[in-house]
S.K.: 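Quick one: the structure is below, questions incoming.
All of these numbers come straight from a predicted model, not from anything done at the bench.
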Amino acid sequence: STDCGIIARKHVGSNMGFEFSIQPGGQIRFFSEGNPTGAADSGSLVPVGEWTHVAATLDGAKVRIWNNGTMVYEETHILPEPTTDSLLIGAFPPGNKCYLDGALYQLRISSGVLYTESFVPEVVPTKNDATLAHWPLNDIVADDFDENTARDLSGNDNHGSLLNSPQWVAGECPGGE
């Protein structure tokens, strides 16, 4: 069995890119191509059937993995080689055909490290100066809703095309305040 992507930008057949994923047993993984340490496997599990906030931070020296606001893994890790390949949400690069078997509520990419110590996860991530992209993946009641587009609310126009007919789920994140 293989792990399935939350988010990935990898160039197939090269040492460029990264993946952030949940492995079959529920373990959180950050992997960057060309990295001597390769995979950073947290050992922390995402429970089946429960909403869980997961995050990874990479500052050029260390990767940290967070599960519901608690750092569960830290390791020396270099930045991945850049690639212009498509950013994939909920899947791995073409040919792998591995899709996340779960739901994503919000996804945010930032240009800096937001978490350095334990934190209370935001139900709705707020935009700040470091926000590069922010996709609310539950927003099916918006006036300009398009079921085939993931709208980027960061103001940076990183809108995405949705493939393979994902199911939209309306409403708030269960367990949210």
Side-chain angles (χ1 to χ4, degrees), residues 1-10 15-83 87-93 96 98-138 150 154 158 166 169 171-177:
S1 180
T2 60
D3 50 344
C4 293
I6 294 173
I7 185 169
R9 177 175 262 170
K10 294 173 69 172
N15 287 334
M16 299 182 340
F18 73 92
E19 71 184 56
F20 185 50
S21 62
I22 305 295
Q23 294 188 285
Q27 188 171 342
I28 308 165
R29 167 182 274 188
F30 182 87
F31 182 86
S32 59
E33 297 287 343
N35 197 312
T37 58
D41 293 326
S42 70
S44 179
L45 301 181
V46 172
V48 174
E50 292 181 31
W51 283 99
T52 305
H53 179 278
V54 295
T57 59
L58 184 60
D59 64 9
K62 292 188 180 284
V63 63
R64 293 174 180 92
I65 297 176
W66 307 84
N67 188 345
N68 281 329
T70 301
M71 185 172 53
V72 294
Y73 188 84
E74 179 179 48
E75 176 182 78
T76 300
H77 213 82
I78 61 174
L79 291 171
E81 291 292 324
T83 177
L87 182 71
L88 301 174
I89 298 172
F92 276 157
N96 191 315
C98 184
Y99 305 102
L100 181 68
D101 184 17
L104 296 172
Y105 178 71
Q106 301 270 333
L107 185 64
R108 176 176 61 185
I109 298 176
S110 300
S111 64
V113 173
L114 299 182
Y115 313 121
T116 57
E117 56 188 46
S118 294
F119 62 95
V120 176
E122 298 172 287
V123 174
V124 178
T126 55
K127 181 184 172 199
N128 59 43
D129 291 340
T131 304
L132 297 176
H134 174 208
W135 299 281
L137 299 171
N138 68 321
S154 72
N158 291 307
V169 179
E172 294 295 317
C173 177
E177 307 264 335

S.K.: So W66 and V54, do their side chains get closer than 4.5 Å, heavy atoms only?
M.R.: no
S.K.: When Y73 is tested against each of I28, D41, I65 for side-chain contact (heavy atoms from CB on, under 4.5 Å), which residue passes?
M.R.: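 That would be I65.
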S.K.: Among all residues two or more places apart in sequence or in another chain, which pass the side chain to side chain contact (heavy atoms under 4.5 Å, CB included) test with K127?
M.R.: T131
S.K.: Grab the two heavy atoms, one from P47 and one from L45, that are nearest each other, plus how far apart they are.
M.R.: CD-O, 3.5 Å
S.K.: Could you check whether any side-chain heavy atom of E75 comes within less than 4.5 Å of a side-chain heavy atom of K62, counting everything from C-beta outward?
M.R.: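 Answer no - side chains too far apart.
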S.K.: Given side chains that start at C-beta, do those of I7 and L107 come closer than 4.5 Å, heavy atoms only?
M.R.: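 They are in contact (side-chain heavy atoms under 4.5 Å apart), so the answer is yes.
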S.K.: To the nearest 0.5 Å, tell me how far M71 CE sits from R64 CZ.
M.R.: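 Between M71 CE and R64 CZ, I get 6.0 Å after rounding to 0.5 Å.
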S.K.: Which atom names give the shortest non-hydrogen contact between W135 and N158, and what distance separates them?
M.R.: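 For W135 versus N158, the nearest heavy atoms are NE1-O, 2.8 Å.
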S.K.: Does a side-chain heavy-atom distance below 4.5 Å link Q27 with S44?
M.R.: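 No, side chains not in contact.
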S.K.: Mind checking the CG-OG spacing from D129 to S111? Nearest 0.5 Å is all I need.
M.R.: 8.5 Å
S.K.: Show me, pair by pair, the donor-acceptor contacts under 3.5 angstrom made by side chains of residues 112-119, not counting sequence neighbours?
M.R.:
from, atom 1, to, atom 2, distance (Å)
Y115, OH, R108, NH2, 3.1

S.K.: Looking at F20 and A56, what are the two nearest heavy atoms and their distance?
M.R.: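 Nearest pair, atom of F20 first, then A56: CE1-CB, 3.6 Å.
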S.K.: Only counting residues at least two apart or in another chain, list the ones meeting side chain to side chain contact (heavy atoms under 4.5 Å, CB included) with N68.
M.R.: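 N68: side chain to side chain contact (heavy atoms under 4.5 Å, CB included) contacts with T52, H53.
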S.K.: Check S21 against E19 and note the closest heavy-atom contact, atom names and distance.
M.R.: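 What the structure gives for the nearest pair is OG-OE2, 3.6 Å.
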S.K.: So do T57 and V63 actually touch side chain to side chain, heavy atoms under 4.5 Å?
M.R.: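 No, their side chains stay 4.5 Å or more apart.
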S.K.: So, the side chain of W51 versus the backbone of L104: is there a donor-acceptor pair under 3.5 Å, distance only?
M.R.: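 Such a contact is absent between W51 side chain and L104 backbone.
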S.K.: So how far is it from S42 OG to E74 CD, rounded to the nearest 0.5 Å?
M.R.: 13.5 Å
